[in-house]
Amino acid sequence: MDNFLKKQAALFIMLLTAATMNAQRPSVSILGDSYSTFQGYIPEGNEIWYYSPIDPSRTDVAYVQQTWWWQVIKEGGYRLEKNESYSGSTVSYTGYNGEDYTKRSFITRLPRLGNPDIILIFGCINDSWAGVKVGEFKYDNISRDDLYTYRPALAYLLQQAQSHYPNVDIYYIIGDELREDVTESTKTICNHYGIKYIQLQGIDKKLGHPTIKGMRSIADQVLKTVGKHRK
C-alpha cells in the first residue's frame, strides 16, 4: 500500500471513529420558552429573547456558549438533537391578555423534538406571568377547552410526551419565583406521571431573564439531577 492509500485509510478510520463516538453520545432535545432561546439555534419563526450582538439593556448573555442548555450539553457529554424553544410561549393554550397561544404552546410544539434520548422541558414561567388559571387536576378525558387552563394542559403535555417518546428520559425544569399554585401544581402533576422535576433556586436575572450568572446556576442545578454521560 503506497503512502497515499495509507493516508486515505487512516483518514477513513479517524472519521469512522469520530462518527461512532458521536453516535454513542446521548442526544438531548429542549422544549422551552425565552429562557432557552438563542438566535440561530431555534426553529425559524420562533420568537427569540437572546440575540447576538446583545442589547446590554436586556441582558449580558452574548454567546450561545453562555446559555444554560449549551453548558449542560457540552459539560454533560451529550449532543443537541433539537431546541424547540419559543419566547413568551405557554404550556396551556392561554397566553398574555387572554390571547389564544395554541400555535406556540408547548403542547403544539412537542412533536417537533426529533429522536432524543433525553428531553428537558423548561416551562410554566409564562403561564405564571400571564395569570393563566390553574384549573382543576384532570388526568383523563381532557377536552380542548381544558387545555386553556394550566393543570389539565400540563397533564396532557406529559401524557403526550411519554406516549410520543417511549423509553426517553424526561425532566421538567421549574423556574424560581413563580406563582405558588403553578409551582406546586407542576410538582404534583410530574409526580403523578413519574417524571423527575428540577426546582430551580436563586437564579440571577435581568428583566426577569437569566444573566450569565443565572445561566451558569441553571446549568449546575440541571446537571446535578440529569448527571453526566460517561463513555
Side-chain angles (χ1 to χ4, degrees), residues 30-38 42 46-51 54-62 66-72 83-99 101 104-107 109 119-137 148-155 157-158 170-193 195-226:
I30 314 296
L31 182 61
D33 54 26
S34 56
Y35 279 34
S36 306
T37 61
F38 198 88
I42 62 174
N46 287 14
E47 292 185 14
I48 305 168
W49 178 267
Y50 293 99
Y51 290 87
I54 64 169
D55 176 353
S57 68
R58 288 163 57 95
T59 185
D60 61 352
V61 177
Q66 296 168 326
T67 62
W68 72 268
W69 53 269
W70 195 96
Q71 294 177 75
V72 167
N83 184 347
E84 179 48 70
S85 296
Y86 196 124
S87 182
S89 60
T90 48
V91 172
S92 68
Y93 285 173
T94 302
Y96 289 90
N97 302 313
E99 294 181 16
Y101 271 25
R104 70 177 67 183
S105 74
F106 280 60
I107 295 169
R109 294 182 289 116
I119 295 174
L120 302 178
I121 303 176
F122 197 164
C124 79
I125 294 172
N126 288 299
D127 295 87
S128 177
W129 290 354
V132 174
K133 295 179 180 178
V134 291
E136 301 297 325
F137 287 109
Y148 286 87
T149 58
Y150 181 70
R151 287 169 176 165
L154 179 60
L157 174 70
L158 298 186
I170 302 171
Y171 298 86
Y172 199 100
I173 304 170
I174 307 172
D176 63 339
E177 301 180 321
L178 302 181
R179 283 165 39 196
E180 185 176 356
D181 56 352
V182 170
T183 297
E184 294 308 312
S185 295
T186 304
K187 294 177 181 178
T188 298
I189 296 168
C190 284
N191 286 334
H192 179 85
Y193 291 103
I195 289 178
K196 292 182 180 178
Y197 62 80
I198 302 163
Q199 172 63 75
L200 299 178
Q201 297 179 342
I203 306 303
D204 187 67
K205 307 181 191 75
K206 184 172 185 175
L207 297 180
H209 290 72
T211 60
I212 293 174
K213 180 180 177 181
M215 290 289 192
R216 179 67 259 175
S217 183
I218 293 173
D220 288 340
Q221 292 178 53
V222 171
L223 282 169
K224 185 177 180 180
T225 298
V226 177

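All residue numbers in this chain count up from 1 along the given sequence.
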Practice task
State which residues pass side-chain contact (heavy atoms from CB on, under 4.5 Å) with Glu177; sequence neighbours excluded, sorted by chain then number.
Solution key: Lys205

Exercise for the section: Kindly write out the residues that satisfy side-chain hydrogen bond (donor to acceptor under 3.5 Å, both in side chains) with Thr94, not counting sequence neighbours, or none if the list is empty. Expected result: none

Handout entry: Phe122: ring pair (Phe, Tyr, Trp, His ring centres under 6.0 Å) partners, not counting sequence neighbours
Key = Tyr35, Trp68

Exercise for the section: Could you grab the distance from atom OG of Ser185 to atom CG of Leu178, nearest 0.5 Å is fine? Expected result: 11.5 Å

Handout entry: Considering all heavy atoms, the nearest Leu223-Val72 contact
Key = CD2-O, 3.8 Å

Exercise for the section: Report yes if the side chains of Tyr148 and Tyr93 come closer than 4.5 Å at any heavy-atom pair, otherwise no. Expected result: yes

Completion exercise
Sorted by chain and residue number, the side-chain contact (heavy atoms from CB on, under 4.5 Å) partners of Lys187 (sequence neighbours excluded) come out as Ile174, Thr183, Glu184, Tyr197, Gln199

Problem - Val134 side chain near Val182 side chain, heavy-atom distance below 4.5 Å - result: yes

Exercise for the section: Could you give me the CA-CA distance, side-chain angles and deciding distance for Met215 and Val61, then say whether side-chain contact (heavy atoms from CB on, under 4.5 Å) is met? Expected result: CA-CA 9 Å; Met215 290 289 192; Val61 177; 4.1 Å; yes

Practice task
Could you list the residues that satisfy side-chain contact (heavy atoms from CB on, under 4.5 Å) with Thr211, not counting sequence neighbours?
Solution key: Asp60, Asp204, Lys206, Lys213

Exercise for the section: State which residues pass salt bridge (Lys or Arg N to Asp or Glu O under 4.0 Å) with Asp220; sequence neighbours excluded, sorted by chain then number. Expected result: Arg216

Exercise for the section: Kindly compute the distance separating CD1 (Ile30) from CD1 (Ile119), expressed to the nearest 0.5 Å. Expected result: 10.0 Å

Practice task
With sequence neighbours excluded, tell me which residues meet ring pair (Phe, Tyr, Trp, His ring centres under 6.0 Å) with Trp49.
Solution key: His209

Exercise for the section: Enter the distance from Ser85:OG to Phe38:CZ here, rounded to the nearest 0.5 Å. Expected result: 13.0 Å

Problem - Arg179: salt bridge (Lys or Arg N to Asp or Glu O under 4.0 Å) partners, not counting sequence neighbours - result: Asp181

Problem - Close side-chain approach of Val226 and Tyr171, heavy atoms under 4.5 Å - result: yes

Completion exercise
For Val132 and Ser92, the nearest pair of non-hydrogen atoms, with its separation, is CG1-OG, 3.4 Å

Fill in the blank from the handout: In this structure, CG of Asp176 is separated from CG of Leu200 (nearest 0.5 Å) by 6.5 Å

Problem - Set of ring pair (Phe, Tyr, Trp, His ring centres under 6.0 Å) partners for Tyr51, sequence neighbours left out - result: none

Exercise for the section: Identify whether NZ of Lys or CZ of Arg in Arg151 sits under 6.0 Å from the centre of the six-membered ring of Phe137 and within 45° of that ring's axis. Expected result: yes

Exercise for the section: Compare all side-chain heavy atoms of Glu84 with those of Asn46 and state whether any distance is below 4.5 angstrom. Expected result: yes

Handout entry: Minimum heavy-atom distance between Pro210 and Ile218, given as atom pair plus value
Key = CG-CD1, 3.7 Å

Practice task
Output yes when a side-chain donor or acceptor of Thr225 lies under 3.5 Å from a complementary backbone atom of Val222, and no otherwise.
Solution key: no

Practice task
Grab the two heavy atoms, one from Asn83 and one from Ser36, that are nearest each other, plus how far apart they are.
Solution key: ND2-O, 2.9 Å

Problem - Distance, nearest 0.5 Å, that separates CD1 of Ile212 from OG1 of Thr67 - result: 11.0 Å

Problem - Student check: side-chain heavy atoms of Trp129 and Tyr96 closer than 4.5 Å - result: yes

Handout entry: Gln221: side-chain hydrogen bond (donor to acceptor under 3.5 Å, both in side chains) partners, not counting sequence neighbours
Key = Ser217

Fill in the blank from the handout: Residue set satisfying side-chain contact (heavy atoms from CB on, under 4.5 Å) with Asp55, at least two apart, ordered chain then number -> Ser57, Arg58

Problem - Stepwise side-chain contact (heavy atoms from CB on, under 4.5 Å) test for Thr59 and Tyr50 - result: CA-CA 8 Å; Thr59 185; Tyr50 293 99; 3.5 Å; yes

Handout entry: Residue pair Ile42 / Ile48: nearest heavy atoms and the distance that separates them
Key = CD1-CG1, 3.5 Å

Problem - Between CD1 on residue Ile173 and CD1 on residue Ile121, distance to nearest 0.5 Å - result: 9.5 Å

Completion exercise
Heavy atoms of Arg104 and Ser89 approach each other most closely as O-CB, 3.3 Å

Exercise for the section: List for me each residue that meets side-chain hydrogen bond (donor to acceptor under 3.5 Å, both in side chains) alongside Tyr172, sequence neighbours excluded, and say none if there are none. Expected result: Tyr150

Handout entry: Test item: Asp127 side-chain N/O and Thr90 main-chain N/O as donor-acceptor pair under 3.5 Å
Key = no

